[in-house]
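Take a look at the structure below.
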Amino acid sequence: MQRAPTNSHPSYLATYGSTGDGPVETPRSENTTFDFLGLSNSITTDSYHTVGPSSLRNFAGSYARTSALYMADNLSVLSRHSTSQPTNDTSSKDWHDPSRLEDGKSRALETESLMSSDGLSFFPVLSRHTTVGSMIFRDEFTPAGASPRSSVAQSVFNSVNVLVGISALALPLAMRYSGWVAGMVIFGFCTVSTNYAAKVLARCLDVAPAEANQTYGDMGAAAFGERGRNIISSVFMLELITVGVAIIILLSDGLQTCFDMSQTMARFISFIVLTPTLFLPISKLAYTSLIGVISSTCLIVLVTYDGFSKKSQPGSLWDPMPTDLWPTATLSTLPLSFGLFMAIYSGAAVFPSIYRDMAQPKQFGKVVDITYLFTFALYLAISFSGYLMFGRTTMQEITENLAATPGYTVWINQGASYIILLMPIAKYGLMLNPITVSFEIWLQGRCQSAGGDKDIKTPWYYTPVTILGRIILSAITLAIAIVIPGFDHVIALLGSLFSYGISVIFPVICYIKLYRDSMTFTELCLNCSLLLICFVLSFLGTVWSFIPV
């Protein structure tokens, strides 16, 4: 069964009807896509199989949607103008009741009428289950320009692009904190558990019709009612802010390395440089985020090249620095490694978007395995190389070691330092944009409440307030970056507090909740054991991320 292209305003789902047996999708051919009102537009069937402008456009569109929307799709928004009113009963059974789904054709006509009303001067009417991602999708991405369904190759590329990020810079430090044996055990556990959770997540998404269950929030609502959706939305909001803090710290550390300035000055310059990216269209930021994965890959290649280019320690793979088999020298910092290793998989939140976007959802397991094989190899290379090169002197960011160690090719390392500066600039606006859109949607609701239901105009204060809101959000992330200045501690917090919960704990809990009756006793025990281990690692890692080393 094909899945709807995005978690959308109800108008996206106009071609989906229902029967007495439950919701079904209107059959569609492989050469059909949909605009935001659910009307079909033709695209060439062979665009997936030929290399040309059409196929490249499809590939770029698929990448941009996934990069821009995977976090925003998990932030739910409500409006008092709703095409489907909530009920008091939020049980997962009634929430998926087919009788509550409107007829596709009438829904499209109703939405078209709403879209032409004067009351939608700056945002369209929201449905009960609209997400920030669907709002961005409507305003920034036009499905007619690119197929909303991704091939296996596109899905793998999109997944790797999201998973490979700035957290890789702290992997050698994680190995230093844990030692070889414990480090590989924790690293392997994080890899296997998130891989497994991604696959059971797909099963949880299949528990309801595709149009009703497409995001983490939908999955939470299916398992725990609307409270589950609201909790997920809050967690993702906090995670985005934490990522913003890590990005500011990374950029300021890079500025200190390149231009020899104080930490406070570097933080404020980072604020000045990054804040304007919050005002750029997210469709453009999605494409520039490609710089992130290119920079990360170049960094891994550079670390390995530097290691082989230098014949003596420190910083040589031919003459490694002393390392620890066990975390004997740094036992007190071992819990920090719990979060540092898991943080590299914080992008696992992308998998609902990947699954929803796939032209062949049955190939999702294959996509997950290939993605993890590729990312695990990259992460293993940088963690091993960095730890062997610098051993017990490994710093919080491996780039700091490279910059402080003489004997490398100067122009290559200088180029790497400038590449590192590009990574946060490409990611900052993309990560915080969903929060700014959430605020603006909330502000719209306040304006509508004040102005009534008729002849709603954009108030004079709307634009200056939204501008001020974006600046304040950036200032908040700056303040947190000043209070918690360590990049390793922020990444450890990101991994311990958020990644364990989003990438493993929540999907497995939903899986148990939805499929417990069909599970064997052994399967139930294994899933519960996985939850217990993750809870312990998450708790210890979170506590230690606030303790100065």
Side-chain angles (χ1 to χ4, degrees), residues 164-188 190 246 249-250 252-254 256-257 263 295-296 298-344 378-408 412-413 416-417 419-420 423 485-496 541 544-545 547-549:
V164 177
I166 61 175
S167 301
L169 297 173
L171 273 178
L173 181 68
M175 293 300 297
R176 171 192 154 193
Y177 284 159
S178 59
W180 288 111
V181 175
M184 287 307 302
V185 170
I186 299 169
F187 193 5
C190 293
I249 293 175
L250 177 61
S252 62
D253 288 349
Q256 286 181 269
T257 301
Q263 184 182 89
S295 301
S296 300
C298 289
L299 173 65
I300 294 170
V301 173
L302 174 67
V303 171
T304 306
Y305 171 80
D306 278 349
F308 283 112
S309 68
K310 200 168 185 287
K311 299 301 180 181
S312 60
Q313 58 181 243
S316 172
L317 287 173
W318 300 108
D319 185 18
M321 291 283 285
T323 58
D324 296 310
L325 193 62
W326 301 94
T328 52
T330 55
L331 184 59
S332 62
T333 55
L334 174 63
L336 272 177
S337 68
F338 302 161
L340 293 176
F341 279 118
M342 182 57 83
I344 60 179
L378 289 176
Y379 286 144
L380 197 66
I382 192 171
S383 58
F384 273 38
S385 299
Y387 188 41
L388 286 171
M389 290 163 63
F390 301 104
R392 297 168 188 165
T393 64
T394 302
M395 299 181 184
Q396 61 178 352
E397 300 162 30
I398 191 61
T399 49
E400 292 182 340
N401 284 104
L402 296 178
T405 304
Y408 294 128
I412 292 180
N413 275 17
S417 299
I419 288 176
I420 297 303
M423 292 173 61
F487 180 78
D488 56 337
H489 284 261
V490 175
I491 295 298
L493 178 64
L494 178 66
S496 298
W544 253 258
S545 65
I547 299 176
V549 177

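Quick caveat, the model's predicted, so the values are computed rather than measured.
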Could you walk me through whether Gln256 and Gln263 satisfy the side-chain contact (heavy atoms from CB on, under 4.5 Å) test, starting with their C-alpha distance in whole Å, then the side-chain angles of each, then the deciding distance to 0.1 Å, before giving a yes or no? CA-CA 7 Å; Gln256 286 181 269; Gln263 184 182 89; 3.8 Å; yes

List for me each residue that meets side chain to side chain contact (heavy atoms under 4.5 Å, CB included) alongside [X], sequence neighbours excluded, and say none if there are none.
{"X": "Val301", "answer": "none"}
{"X": "Ile300", "answer": "Leu378, Ala381, Ile382"}
{"X": "Thr399", "answer": "Leu169, Leu299, Glu397, Ile420"}

Ignoring hydrogens, what is the shortest heavy-atom contact between [X] and [Y]? Give both atom names and the distance.
{"X": "His489", "Y": "Ile547", "answer": "CE1-O, 2.8 Å"}
{"X": "Met342", "Y": "Gly495", "answer": "CG-O, 3.7 Å"}
{"X": "Gly407", "Y": "Lys310", "answer": "CA-CE, 4.0 Å"}
{"X": "Tyr408", "Y": "Ser309", "answer": "CD2-OG, 4.1 Å"}
{"X": "Thr394", "Y": "Gly386", "answer": "OG1-O, 4.0 Å"}
{"X": "Ala246", "Y": "Ile166", "answer": "CB-CD1, 4.1 Å"}

Can you tell me if [X] uses its side chain to pair, donor with acceptor, with the backbone of [Y] under 3.5 Å?
{"X": "Trp318", "Y": "Ser312", "value": "no"}
{"X": "Ser496", "Y": "Leu493", "value": "no"}
{"X": "Thr323", "Y": "Leu388", "value": "no"}

Hey, what do you get for [atom1] ([X]) to [atom2] ([Y]), rounding to the nearest 0.5 Å?
{"X": "Ser385", "Y": "Leu171", "atom1": "OG", "atom2": "CG", "answer": "11.0 Å"}
{"X": "Asn401", "Y": "Tyr387", "atom1": "CG", "atom2": "OH", "answer": "12.5 Å"}
{"X": "Leu340", "Y": "Met175", "atom1": "CG", "atom2": "CE", "answer": "12.0 Å"}

If we only count heavy atoms from C-beta on, is the Trp544 to Thr333 side-chain gap below 4.5 Å? no

Taking only residues two or more places apart in sequence, or in another chain, which ones meet Gln313 in a side chain to side chain donor-acceptor pair (under 3.5 Å)? Asp319

Can you list everything that forms a side chain to side chain donor-acceptor pair (under 3.5 Å) with Ser337? Sequence neighbours excluded, please. none

Ring pair (Phe, Tyr, Trp, His ring centres under 6.0 Å) with Phe338: which residues, sequence neighbours excluded? none

Test ring pair (Phe, Tyr, Trp, His ring centres under 6.0 Å) applied to Phe384 - qualifying residues, sequence neighbours left out: Trp180

CA sep, side-chain torsions, deciding dist, call: Thr405, Met389, side-chain contact (heavy atoms from CB on, under 4.5 Å): CA-CA 11 Å; Thr405 304; Met389 290 163 63; over 6 Å; no

According to the interplanar angle, ranging from 0 to 90°, do the rings of Phe341 and Phe187 count as parallel (below 30°), tilted (30 to 60°) or perpendicular (above 60°)? parallel

